[in-house]
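Note on naming: letters A, B, ... go to the chains in the order of the sequence lines (proteins, then strands), and numbering restarts at 1 for each one.
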Protein chains: 2
Amino acid sequence: MTDSERKDVHNSAVPNLCQNCEARHRGICGVLEESELLELSRNSRQVVRKAGEQLINDADPIESYASVMHGVVKLSKVLEDGRQQVVGLQFAPDFLGRLYGRESNLNADAASDVELCRMPRAALEALVAKNPALEGRLLEQTLRELDEAREWMVTLGRKTANEKVASFLYLIATHKDPTHEDSAISFDLPLTRSDIADFLGLTIETVSRQFTKLRKSGIISIKNHRHISVADIEKLRRSCGYGSRIKS
Amino acid sequence: MTDSERKDVHNSAVPNLCQNCEARHRGICGVLEESELLELSRNSRQVVRKAGEQLINDADPIESYASVMHGVVKLSKVLEDGRQQVVGLQFAPDFLGRLYGRESNLNADAASDVELCRMPRAALEALVAKNPALEGRLLEQTLRELDEAREWMVTLGRKTANEKVASFLYLIATHKDPTHEDSAISFDLPLTRSDIADFLGLTIETVSRQFTKLRKSGIISIKNHRHISVADIEKLRRSCGYGSRIKS
DNA sequence: CGGAAGCTTGAATATGCTCAACACGGGTGG
DNA sequence: CCACCCGTGTTGAGCATATTCAAGCTTCCG
C-alpha cells in the first residue's frame with residue numbers, strides 16, 4: 001500500500017470510483033478540490049470496452065467526456081473512400097474528448113481492452129468554468145498532444161518506412177519506460193499490424209517487412225507477433241532518423 | 001472608419017500599438033480588460049521581419065511570446081540529416097510560442113514579410129495566471145491548432161501527391177475566404193515551392209508537376225508562379241480526396 | 001543585359017504498394 | 001482428438017508513384 005493510497009483510505013471524502021484511478025493524481029482530477037471531485041464523481045461512470053469497439057464516432061455530437069483509466073485508445077480519421085489515418089494514441093490517465101467542440105471530428109476506438117471514466121459534458125464544463133486550475137490542466141494536456149501531433153507529422157511526412165516503424169516502436173518503448181534507466185526493454189504491442197500501418201501511413205505488408213528487417217538486423221526480437229524485446233534502446237533510437245525530442 | 005475604431009479613438013485607454021491590431025479583437029488580447037491591455041502593451045514591441053528570416057529556433061529557450069499582426073509564419077522541424085517538415089502555418093491574429101515550454105521544440109520562420117507583436121514571457125504568463133479568460137482563449141487556439149495538425153496528418157499519411165497539392169491550395173483559399181460565398185477565388189501563395197514541398201512531405205519537383213497537372217485539368221490557373229486563380233472552389237475541394245472538415 | 005533564385009520538365013530509378021500465396025495460432029465442432 | 005476455419009501476420013513478384021539527377025526556363029533585380 002502506497003502512501004497516497006493510505007491517505008485516501010483514511011479520507012472518507014475520496015469517492016470509491018477514484019481510489020485507484022490514475023487520473024486522480026496525474027490526470028485532470030488531480031487539480032480538483034475534494035468537494036469538486038465528489039461532485040464530479042457522482043456524475044461519472046466507469047465504462048469497460050473490448051479491443052476494437054468504437055468509443056466515439058466522427059460525426060457524433062459530444063455528450064460526454066472521459067478519462068482513460070486503463071488501456072490504449074486510438075484516435076483516427078477516415079477519407080471518403082475508406083483510407084484511414086490514426087492521428088493519436090491515448091494512454092491512462094489522458095483526457096478524452098474535444099472540449100467545446102460541436103462534434104468530435106474524429107473516431108475513438110479501443111485499441112486494447114480499455115476502462116474509461118465517463119462524465120457528462122455539462123458536469124465537466126461547469127467545473128471548468130468554475131475552476132481555472134482545471135482549465136490549466138486541460139491546456140497542458142492539449143499542448144502536449146499538439147507537440148506529439150507535430151512530432152508525428154515529421155514521421156509521416158519525412159521518414160522512410162524503416163524509420164517510421166522504428167519510431168513507432170521507440171514511441172511505445174519510451175512510453176512504457178519514460179525514464180529508460182535500463183537500455184533493454186520489452187513490451188506487448190497495443191496495436192494490430194493494421195492499426196500500426198494506419199498510424200504510420202503505410203500498408204500492413206510494408207510494416208511487416210520492416211519488422212522483419214529490424215529483427216534480422218538484431219535491433220528487436222519478436223515473440224508471437226505481438227511481444228517485442230529491444231536489447232538496446234539507443235540502437236533503436238538511432239534507427240528513427242531521429243526527430244527532435246532531445247534529452248536535456 | 002469602423003465602429004470599433006471610432007470607439008477606440010474615443011477611448012484614451014487603448015494603446016496606440018493596439019489600435020489596428022487584429023489580436024485586439026479576434027486574438028488573445030480580445031479577452032483583456034483595458035487595464036490589462038495597457039499593462040501588456042507597455043511591455044510589448046512591434047517587430048518586423050522579412051520573408052525567410054528566422055523568428056525562433058528549435059533549441060532556443062523561450063523568452064518571449066508574440067501575436068502575428070500581419071503575414072504568414074511557418075512552423076517547422078528538421079531531422080539530423082536536414083530533412084525538413086513544416087508542421088503548421090500561423091496567420092494573423094494567431095498566438096506564437098509554446099506556453100510553459102522550456103524550449104521551443106520547433107523553428108518559426110517568416111514565410112512572407114511579417115509583423116509581430118512581441119511580449120516578454122514573464123509579462124504574458126503573469127497575465128495568464130491572473131486572468132482565466134486569457135487561459136481560456138489560449139486553450140481555444142491550442143485546440144484549434146490540434147484539430148488542424150490532426151487534419152494535416154491525414155493529408156501527410158494517406159493522400160496522393162495530387163490530393164496533397166489540392167489540399168494545400170484549398171487550405172490557403174478557404175483561409176482567404178472562410179465563408180466562400182463566391183465559388184471563384186484568387187490569391188498569392190504565401191510559400192515558395194520548397195516550403196510547400198516541406199509542408200506536404202514531397203519534393204519540389206513533385207509539387208511543381210502537380211501544379212501543372214491541376215492547371216492542365218482546368219481546376220486552377222497560374223500567373224507568375226505565385227498567383228493562383230480557382231474558378232470553382234468546389235471542384236478543387238473534390239480533388240482533395242476530401243478530409244473531414246464537413247460544412248454544417 | 002547578366003546573373004541568381006525559383007520553377008518546370010524529362011528520363012531513369014527506387015521505394016513502397018498491390019495482388020497473391022502461404023504460415024501460424026486459437027477456437028469450434030464433428 | 002483431429003479437422004477445419006478464420007483472423008492475423010509474413011513473404012514474394014511485379015508494378016506504380018514519387019524521387020533523383022540533370023537540363024533548361026522564367027522572373028526579378030542589380
Which pair of heavy atoms, one from [X] and one from [Y], lies closest together, and at what distance?
{"X": "A/M153", "Y": "B/V86", "value": "CE-O, 4.1 Å"}
{"X": "A/R158", "Y": "B/A197", "value": "NH2-O, 3.2 Å"}
{"X": "A/I228", "Y": "A/I222", "value": "CD1-CG1, 4.0 Å"}

Footprint string (nucleotides 24-30 of chain D, 5' to 3'): B base within contact, S backbone only, - free, heavy atoms under 4.0 Å: ---SS--

Audit row: A/R98, B/D147, salt bridge (Lys or Arg N to Asp or Glu O under 4.0 Å) steps and yes/no: CA-CA 9 Å; A/R98 173 54 164 88; B/D147 288 345; 2.8 Å; yes

Taking atom [atom2] of [N] as reference, at what distance in whole Å does atom [atom1] of [X] sit?
{"X": "A/R193", "N": "C/dA23", "atom1": "CZ", "atom2": "C1'", "result": "14 Å"}
{"X": "B/I220", "N": "C/dT8", "atom1": "CD1", "atom2": "C1'", "result": "14 Å"}
{"X": "A/H227", "N": "D/dG9", "atom1": "NE2", "atom2": "P", "result": "16 Å"}
{"X": "A/L156", "N": "D/dA18", "atom1": "CG", "atom2": "C1'", "result": "17 Å"}
{"X": "A/R83", "N": "D/dT17", "atom1": "CZ", "atom2": "P", "result": "13 Å"}
{"X": "A/I222", "N": "D/dG9", "atom1": "CD1", "atom2": "P", "result": "11 Å"}
{"X": "B/R215", "N": "C/dT8", "atom1": "CZ", "atom2": "P", "result": "8 Å"}
{"X": "A/R226", "N": "C/dG26", "atom1": "CZ", "atom2": "C1'", "result": "14 Å"}

Neighbour count above 12 (heavy atom, 6.0 Å) for B/R83 CZ: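 Yes, because the 6.0 Å sphere around CZ of B/R83 holds more than 12 heavy atoms from other groups.
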
Interface residues of residues 195-208 of chain B with DNA chain C (non-hydrogen, below 4.0 angstrom):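 Result for residues 195-208 of chain B: B/E205, B/S208, sorted by number.
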
Most 5' of A/A161 and B/L191 on DNA chain C, judged by nearest nucleotide: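 It is B/L191 whose nearest nucleotide is closer to the 5' end.
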
Plane angle bin for B/F199 and B/W152 - parallel if under 30°, tilted between 30 and 60°, otherwise perpendicular: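 Aromatic pair B/W152/B/F199 classed parallel.
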
Separation of A/S76 OG from A/D109 CG (nearest 0.5 Å):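 Rounded to the nearest 0.5 Å, the CG-OG separation comes out at 5.0 Å.
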
A/T212 side-chain N/O to D/dT11 phosphate OP1/OP2 under 4.0 Å: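 Yes, because at least one side-chain N or O of A/T212 sits under 4.0 Å from OP1 or OP2 of D/dT11.
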
Axial cation check for B/F211 ring with B/R193, 6.0 Å and 45° limits: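 The answer is yes, since B/R193 meets both limits relative to B/F211.
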
Intermediate values then yes/no, side chain to side chain donor-acceptor pair (under 3.5 Å), A/S167 and A/K159: CA-CA 9 Å; A/S167 299; A/K159 291 190 183 178; 3.0 Å; yes

Donor-acceptor pair present, B/R209 side chain and D/dT20 base, under 3.5 Å: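 Between D/dT20 and B/R209, which were checked side chain against base, a qualifying N/O pair under 3.5 Å is present.
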
B/Q210 side chain, from C-beta outward: closest of C/dT9, D/dA18, D/dG9: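 The closest nucleotide is D/dA18.
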
